[in-house]
Asker: 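Here's a structure for you.
Quick note on labels: first sequence line is chain A, next is B, and so on, each numbered from 1.
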Amino acid sequence: QSALTQPASVSGSPGQSITISCTGTSSDVGGDNYVSWYQQHPGKAPKLIIYEVSNRPSGVSNRLSASKSGNMASLTISGLQAEDEADYFCCSYSTRSTPMVFGGGTKLTVL
Amino acid sequence: QVQVVQSGSELKKPGASVKVSCKASGYSFTDYAIDWVRQAPGQGPEWMGWINTKTGNPTYAQGFTGRFVFSLDTSVTTAYLQISSLKAEDTAMYYCARPVARMGIRSHAFDYWGQGTVVTVSS
């Protein structure tokens with residue numbers, strides 16, 4: 001059971017936009033601005049795509065954006081492309097016993 | 001360029017030990033911590049803890065105390081994860097990762113990951 005809750009799957013057609021939610025508590029997502037998102041293709045290591053709620057690392061497409069409201073963070077991918085098909089994980093700093101917690105992951109399917 | 005390279009897959013019997021290596025290059029090794037993350041098959045990642053690469057002081061997450069040991073050899077810019085008394089439930093992919101920011105600066109995100117090491121525990 002992951003500390004952060006994500007939908008198991010989302011899907012969209014090429015060119016469309018999708019949003020993945022990540023729900024936590026005031027002890028993690030809602031408590032600070034250290035939410036990050038990772039993209040993971042099958043058999044590959046996670047790749048950082050968003051850090052500190054909404055910052056994109058150099059080289060990450062500007063089709064990806066993220067935000068946070070209260071205890072929920074969101075990742076939006078616009079102009080869906082086939083290469084976006086992957087698993088996406090959110091991660092947050094937590095003031096509870098484990099200082100970093102992950103979501104269970106969301107599988108994005110590009111139809 | 002920054003590279004983080006882990007050792008290869010391991011197949012171990014229950015009760016045995018395993019040591020996973022994580023060699024970092026392309027940056028000042030002792031400026032950044034090394035964190036360890038476990039990902040069981042079909043599940044989300046789980047943060048295991050981190051090691052201070054300047055002092056060698058490890059910090060373990062709840063659930064990763066006792067059988068799990070983080071260590072370093074700074075002469076070869078390598079971090080290690082050793083797991084003893086292996087159990088079937090330790091079967092997972094293990095990643096080492098470098099935080100975005102240098103030690104002393106909060107970031108709580110990882111921008112460089114090793115390729116992962118599969119540890120399979122089976123009799």
Asker: Hey, any chance A:W37 and A:V101 share a hydrophobic cluster, counting ILVMFWY side chains that come within less than 4.5 Å of each other, even indirectly?
Answerer: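 Per the 4.5 Å side-chain linkage, A:W37 and A:V101 are co-clustered.
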Asker: Rounded to the nearest 0.5 Å, how far does CG of A:D84 lie from CD1 of A:I77?
Answerer: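 Reported value, rounded in 0.5 Å steps: 5.0 Å.
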Asker: Each residue besides A:Y34 in its hydrophobic cluster should be listed here, by chain and number; the cluster joins Ile, Leu, Val, Met, Phe, Trp and Tyr at side-chain heavy-atom distances under 4.5 Å.
Answerer: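 Under the 4.5 Å side-chain rule, A:Y34 groups with A:Y93.
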Asker: Taking side chain as C-beta onward, heavy atoms only, is A:R63 less than 4.5 Å from A:T76?
Answerer: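 With C-beta onward as the side chain, the pair stays apart.
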Asker: Given that the side chain runs from C-beta out, which part of B:Q39 has a heavy atom under 4.5 Å from chain A: side chain, backbone, both or neither?
Answerer: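 The side chain, not the backbone.
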Asker: With the side chain counted from C-beta on, respond yes when A:S26 and A:N71 share a heavy-atom pair under 4.5 Å apart, and no when they do not.
Answerer: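 When only atoms from C-beta onward are counted, A:N71 and A:S26 do touch, with a gap below 4.5 Å.
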Asker: For chain B, which residues from residues 39-61 of chain A have at least one heavy atom closer than 4.5 Å to it?
Answerer: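 Listed by number: A:Q40, A:K44, A:A45, A:P46, A:L48, A:Y51, A:E52.
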Asker: Are there residues of residues 59-72 of chain B whose heavy atoms fall under 4.5 Å of chain A's heavy atoms? If so, which?
Answerer: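 Result: B:A61, B:Q62.
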Asker: Should B:V119 and B:V4 be regarded as members of a common hydrophobic cluster, given that ILVMFWY residues are connected when their side-chain heavy atoms come within less than 4.5 Å of each other, either directly or indirectly?
Answerer: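 Shared cluster, yes.
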Asker: Could you report the tightest heavy-atom contact between B:T53 and B:M103, atom names first, then the distance?
Answerer: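 Looking at all heavy atoms of both residues, the closest pair is OG1-CE, 3.3 Å.
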Asker: What is the distance from atom CD1 of B:I34 to atom NZ of B:K23, rounded to the nearest 0.5 Å?
Answerer: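 Reported to 0.5 Å precision, the distance equals 11.0 Å.
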Asker: Is any side-chain heavy atom of B:Y112 less than 4.5 Å from a side-chain heavy atom of B:Y27?
Answerer: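 No, every pair of side-chain atoms sits at 4.5 Å or beyond.
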Asker: Residue by residue, which of residues 73-101 of chain B have a heavy atom closer than 4.5 Å to a heavy atom belonging to chain A?
Answerer: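 If one takes a 4.5 Å heavy-atom cut-off, the residues of residues 73-101 of chain B near chain A are B:Y95, B:V100.
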Asker: So, for A:S11 and A:I18, which heavy atoms are closest and what is the spacing to 0.1 Å?
Answerer: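 Taking every non-hydrogen atom into account, O-CG2, 3.7 Å.
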Asker: Transitively linked via ILVMFWY side-chain contacts under 4.5 Å: B:W36 with B:W50?
Answerer: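 No: no chain of side-chain contacts under 4.5 Å links B:W36 to B:W50.
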Asker: Tell me, do A:F89 and A:S2 make a side-chain contact under 4.5 Å, heavy atoms counted?
Answerer: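 SC-SC contact between A:F89 and A:S2 ruled out.
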Asker: Where on A:D87 is there a heavy atom nearer than 4.5 Å to chain B: the side chain, the backbone, both, or neither?
Answerer: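 For A:D87, neither part sits under 4.5 Å from chain B.
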Asker: Looking only at atom types and distance, does a side-chain atom of A:Q6 sit under 3.5 Å from a main-chain N or O of A:C90, one as donor and one as acceptor?
Answerer: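 Yes: the side chain of A:Q6 pairs with the backbone of A:C90.
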Asker: I want to check something: taking the side chain as every heavy atom from C-beta on, are A:L111 and A:Q16 in contact at a cut-off of under 4.5 Å?
Answerer: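 No, every pair of side-chain atoms sits at 4.5 Å or beyond.
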